[in-house]
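Worksheet for the structure shown next.
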Amino acid sequence: MKKVPIDRITLGIGDVARATGVAQSKLRYWENKGYIKSHSVTDNRNRKFTYKTLLQVQLIKSYLDDGYTLTSAVKRARQRGVYLDALRSFFEDRFVSIEVTDQAAMIDLGTFDPEPTKHLVAKREATGWRFALVDAES
């Protein structure tokens, strides 16, 4: 599975506003306060935001909609971003394959370190997720 370079996907301020429902003026305010970051292009006037920043804006908006203050929403969004980065890193490093049927799914998480001849797999069954060690395929 190839890593998608989400930090290289850029969007204009209008695109971010339309995708998130946050007004451009608010995005500029949040940027001035240091809550989000943009990258200037060519004329130093056009703002470009990464896809990751778009997700951060959506999280901030979601927390604001839930009644949090802007400062608290930004803090929570940043923490959620740390969690999402950790999950993304985990799956980029460990994901080997996935098999899906109508009734189940199995995700191969690669070599099980204490037993290098085994792979750790997560199996989704009707009752929930189960983990197992299986022989590594040659």
Exceeds 12 heavy-atom contacts within 6.0 angstrom, atom CZ of F90:
yes

Compare all side-chain heavy atoms of D135 with those of K118 and state whether any distance is below 4.5 angstrom.
yes

Side chain to side chain donor-acceptor pair (under 3.5 Å) partners for D65, two or more places apart
K61

Closest non-hydrogen contact found for Y63 with A73 is CB-CB, 3.5 Å

Using 4.0 Å as the upper bound for N to carboxylate O, is an ion pair formed by D15 and R18?
yes

Once you round to the nearest 0.5 Å, how far does CD of E31 lie from NZ of K37?
11.0 Å

Member of L109, V134, I107 meeting the side chain to side chain contact (heavy atoms under 4.5 Å, CB included) criterion with V121:
V134

Taking all non-hydrogen atoms of both residues, which atom of L133 and which atom of F112 are closest, and how far apart?
CD2-CG, 3.4 Å

Measure across K123 and A132 and return the closest heavy-atom pair with its distance rounded to 0.1 Å.
CE-CB, 4.4 Å

Shared ILVMFWY cluster between Y83 and V57, side chains joined below 4.5 angstrom?
no

Using every non-hydrogen atom in the two residues, find where D113 and P116 come nearest and quote the distance to one decimal.
O-CD, 3.8 Å

Got L70 and I60 here, is their nearest side-chain heavy-atom distance under 4.5 Å?
yes

Shortest non-hydrogen contact from A19 to L54?
CB-CD1, 3.7 Å

Any chance you could measure I13, atom CD1, to S25, atom OG, to the nearest 0.5 Å?
8.5 Å

Between OG1 of T20 and CG of L59, what distance do you get to the nearest 0.5 Å?
11.0 Å

Let's go through Q56 and R80 carefully: what are the C-alpha distance in whole Å and the side-chain angles of both, what is the deciding distance for side chain to side chain contact (heavy atoms under 4.5 Å, CB included) to 0.1 Å, and is it a yes or a no?
CA-CA 9 Å; Q56 184 180 20; R80 177 65 63 94; over 6 Å; no

Please report the interatomic distance NE2(H119) to CZ(R94), rounded to the nearest 0.5 Å.
8.5 Å

Hydrophobic cluster membership, I98 vs F131, 4.5 Å side-chain cutoff:
yes

Tightest non-hydrogen contact, residues A23 and A17, listed as C-CB, 4.5 Å

Do you reckon L120 sits in the same ILVMFWY cluster as V100, going by side-chain contacts under 4.5 Å, direct or chained?
yes

Check V74, L27, T50 against I36 for a side chain to side chain contact (heavy atoms under 4.5 Å, CB included) and give me the one that passes.
L27

